[in-house]
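To start, the structure itself, in C-alpha cells.
Order of appearance sets the numbers: ligands from 1, and atoms from 1 within every ligand. All values reported here derive from a predicted model rather than from experimental measurement.
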Amino acid sequence: MDDVTGMVARQYDAYAYPEPFTDLAAQVAGGYFEYGNPRDYAALLWPEGRPQRPLRILAAGCGTVQAAYLAYTNRDAEVTGVDLSEASLAHERYLQERHSLTNLRLFRGDLRRVGEIGRAFDCIVCSGVLHHLADPDEGLRALAGVLASDGAMTLMLYGATARTGVYMLQDALRRLGVPQTTEGIAFARRLVEQLPEQHFARWYLSGAAELRHDAALVDTFLHPQDRAYTVPQVLELLERNGLAFQGWVDNSHYHADAALARFSPEVRGAVAALPAREQWAVVEMLTQSLGMHMLAARHAGPALLGAEPDFTAPGWQQWVPHRVPGLQRVSARQVGAGAYGASAQPGVVFSRNGQTIELGPGQAALLDGTDGSRRVSDLLALPALAHVPPVSREAVVREFLMQMWRLGHLLFSRVGA
Ligand SMILES: C[S@@+](CC[C@H](N)C(=O)[O-])C[C@H]1O[C@@H](n2cnc3c(N)ncnc32)[C@H](O)[C@@H]1O
C-alpha cells in the first residue's frame with residue numbers, strides 16, 4: 001500500500017464513514033434514499049432502457065452502508081462492495097446479516113485493483129471516493145475497465161466552489177499539525193467556532209449538519225488527501241479517461257432556469273442562452289453552492305443518447321417520465337391556475353431538496369401522473385387537461401415537462417427513441 005492509500009485506509013478504519021445506522025428497513029421506510037441508486041435513476045443511466053438482465057452492481061469505496069443499501073433496494077441484483085476500511089466493511093456485514101442480504105459480496109481492497117475480482121459490472125456507484133486517491137484518474141480508469149460495454153456509473157466528486165473554505169481550514173490545520181485524534185478533533189471544533197462570520201468555511205458549515213459527528217469532521221477538515229472539481233474539470237476527467245457524460249443526478253443545480261432564480265431575467269436569459277456545458281460552468285461560478293457533483297457516465301460511443309432529452313424529437317410522446325426520489329406534495333393553497341385550469345382553483349405545492357414549486361391543478365395532475373409507467377401520450381389524455389384546447393395541449397405539456405426536467409424533478413426513459 002502506498003503512503004496516501006495507507007493514510008486514507010487508517011483514517012476510515014478509525015473514523016468509518018458515513019455515521020452508520022443500524023436498520024435499513026426503518027431507514028428506508030423513513031424516506032432514506034441514495035442518489036444514483038439504479039432502482040430510482042435507471043432513466044438517467046440508461047435512457048434507452050436498462051439492460052434486460054439482473055444487474056451486477058459495484059459499490060466502489062462503499063463505506064459503512066452503501067453496498068448493503070444497494071443490495072437491500074435492488075433485491076434482484078448482485079451487489080459487490082469494495083472498501084479499504086475493515087471497520088466500514090464490518091458494518092456492511094452487520095447490515096447484510098440483519099437483512100439477510102444474500103445478494104451482497106464484500107471485499108476488502110483497493111478499487112484500483114478491482115479488476116482482480118474478475119468480473120464486469122452493469123452499474124458502478126462510486127460516491128465520495130475518487131477525490132481521495134492520489135491519482136483519481138487511475139481509479140476512474142480501473143472502474144471503467146470493469147464497466148460492461150452498456151454499463152453506467154454514478155460518481156460523486158467534490159465541488160470546488162463551495163469547498164473553498166474547507167481547503168483553507170485543511171491547510172491551516174495541517175500546518176498546525178492537528179492530528180486525527182480525540183484531542184485534535186476537539187481543537188478543530190474550538191477553532192472553527194472562532195472563525196470570523198464571513199470566513200468561507202462558515203458558509204460551508206451552515207449547510208453541513210453532519211459535522212456534529214466526529215467522522216464527518218475528520219472527513220472534512222482533517223483529511224490527508226482530497227481534491228475538488230469544477231464543472232469543466234469534471235467533464236475533462238471523464239473525457240480523458242474514455243467516458244462520456246450522461247447527465248447530472250440533479251439538474252436543478254446546473255440549469256440557469258432553476259439555479260439562477262434569484263437573478264434577473266436578463267442575467268438568467270444570458271446564461272440560459274449558452275451551450276449547455278458553458279451554462280453549467282457559469283451557473284457554478286455564480287451560485288458557489290456546489291460542494292459536490294453527482295453525475296452519471298458511460299463508455300464513450302456514438303450510440304449514446306445525449307444527456308439532454310430533445311423534446312422536439314419525433315416520438316417524444318412515447319417517452320416515459322419518472323419522478324426522482326424525494327419529490328413530494330406538501331400542501332394545497334389557493335393559486336391562480338393560469339393555462340392549466342380555471343382561475344383560483346386550489347393549487348398544490350411540491351417540494352424536493354429544499355426547492356418548492358406551486359402548481360395549478362392541471363400541472364399537479366401531470367406531475368402526479370409521472371409514476372414511471374405512463375407515457376407522455378397517456379399524460380396528454382389526462383382528464384385534468386380536458387379544458388386545454390387540443391391544438392395547444394402538446395405544446396403546454398412539452399413546456400411543463402421540460403421545465404420539470406430542468407428543475408431536476410423528472411427523468412425520461414426514451415425507449416425506442
Ligand atoms: C467518504 S467515504 C464514502 C462512502 C460511501 N461511498 C458513501 O457514499 O457513503 C469514502 C470511502 O472510500 C474508501 N476508499 C478510499 N480510497 C479507496 C480506495 N483506493 N479503494 C477502496 N476504497 C477506498 C474509504 O475507506 C471510505 O470508506
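- Heavy-atom proximity to Leu133, at under 4.0 Å, picks out these atoms of ligand 1: 16 (N), 19 (N).
- You'll find the side chain of Phe200 reaches within 4.5 Å of the side chain of Met168, heavy atoms only.
- Within the 4.0 Å heavy-atom cutoff, Gln66 counts among the residues contacting ligand 1.
- If you check the side chains of His322 and Ser413, you find a donor sitting under 3.5 Å from an acceptor.
- Polar contact with ligand 1: present for Leu111 (N/O pair, distance under 3.5 Å).
- One side chain, Glu394 or Gln317, offers a donor N or O that lies under 3.5 Å from an acceptor on the other.
- Here's the thing with Asp219: none of its N/O atoms is less than 3.5 angstrom from an N/O atom of ligand 1.
- When heavy-atom distances to ligand 1 are checked against a 4.0 Å cut-off, Ala9 has no atom that comes that close, whether in backbone or side chain.
- Annotation: side chain of Leu133 is in contact with side chain of Leu111 (closest heavy-atom distance under 4.5 Å).
- With a 4.0 Å heavy-atom cut-off, ligand 1 is reached by the side chain of Pro18 but not by its N, CA, C or O.
- The neighbour count for Arg113 CZ, taken as heavy atoms of other residues, nucleotides or ligands under 6.0 Å away, does not exceed 12.
- Of the protein's heavy atoms, Gly128 O, 3.5 Å lies nearest to atom 10 (C) of ligand 1.
- Aromatic ring pairs are classed by plane angle as parallel below 30°, tilted from 30° to 60° and perpendicular above 60°; the pair His132 and His223 is parallel.
- Judged purely by distance below 3.5 Å, without hydrogens or angles, the side chains of Arg112 and Thr5 pair a donor atom with an acceptor atom.
- Nearest heavy atoms, Tyr254 versus Met294: OH-N, 4.2 Å.
- Backbone and side-chain nitrogen or oxygen atoms of Gly61 are examined, and one is located within less than 3.5 angstrom of a nitrogen or oxygen of ligand 1.
- Nearest protein neighbour of atom 2 (S) of ligand 1, counting heavy atoms only, is Tyr17 CD2, 3.6 Å.
- Under 3.5 Å, the side chains of Tyr17 and His213 contain no donor-acceptor pair of N or O atoms.
- Nearest-residue assignment for atom 22 (N) of ligand 1 (options Leu84, Leu89, Thr5, Val4; heavy-atom criterion): Leu84.
- Distances below 4.0 Å separate heavy atoms of Gly63 from the following atoms of ligand 1: 4 (C), 27 (O).
- A donor and an acceptor atom, one from each side chain of Asn74 and Arg39, are nowhere located under 3.5 Å apart.
- No heavy atom of Ala59 sits closer than 4.0 Å to any atom of ligand 1.
- Inclusion of Asp83 in the set of residues having an N or O under 3.5 Å from an N or O of ligand 1 is warranted.
- Closest heavy-atom approach to atom 3 (C) of ligand 1 within the set Ser85, Ser127, Gly81: this belongs to Ser127.
- Heavy-atom proximity to Gly109, at under 4.0 Å, picks out these atoms of ligand 1: 20 (N), 21 (C).
- Shown here for Gln66 and Val125, the closest heavy-atom pair between the two residues is NE2-CG1, 3.6 Å.
- The proximity of Val8 to ligand 1, defined as any non-hydrogen pair under 4.0 Å, is limited to the side chain.
- Here the heavy atom of the protein found nearest to atom 19 (N) of ligand 1 is Asp110 OD1, 3.0 Å.
- Contact of the Leu401 side chain with the Phe412 side chain is registered, since non-hydrogen atoms from C-beta on lie closer than 4.5 Å.
- Counting heavy atoms under 4.0 Å from ligand 1, residue Thr64 does not touch it at all.
- The residue from Val129, Asp226, Asp2, Val125 that puts a heavy atom closest to atom 12 (O) of ligand 1 is Val129.
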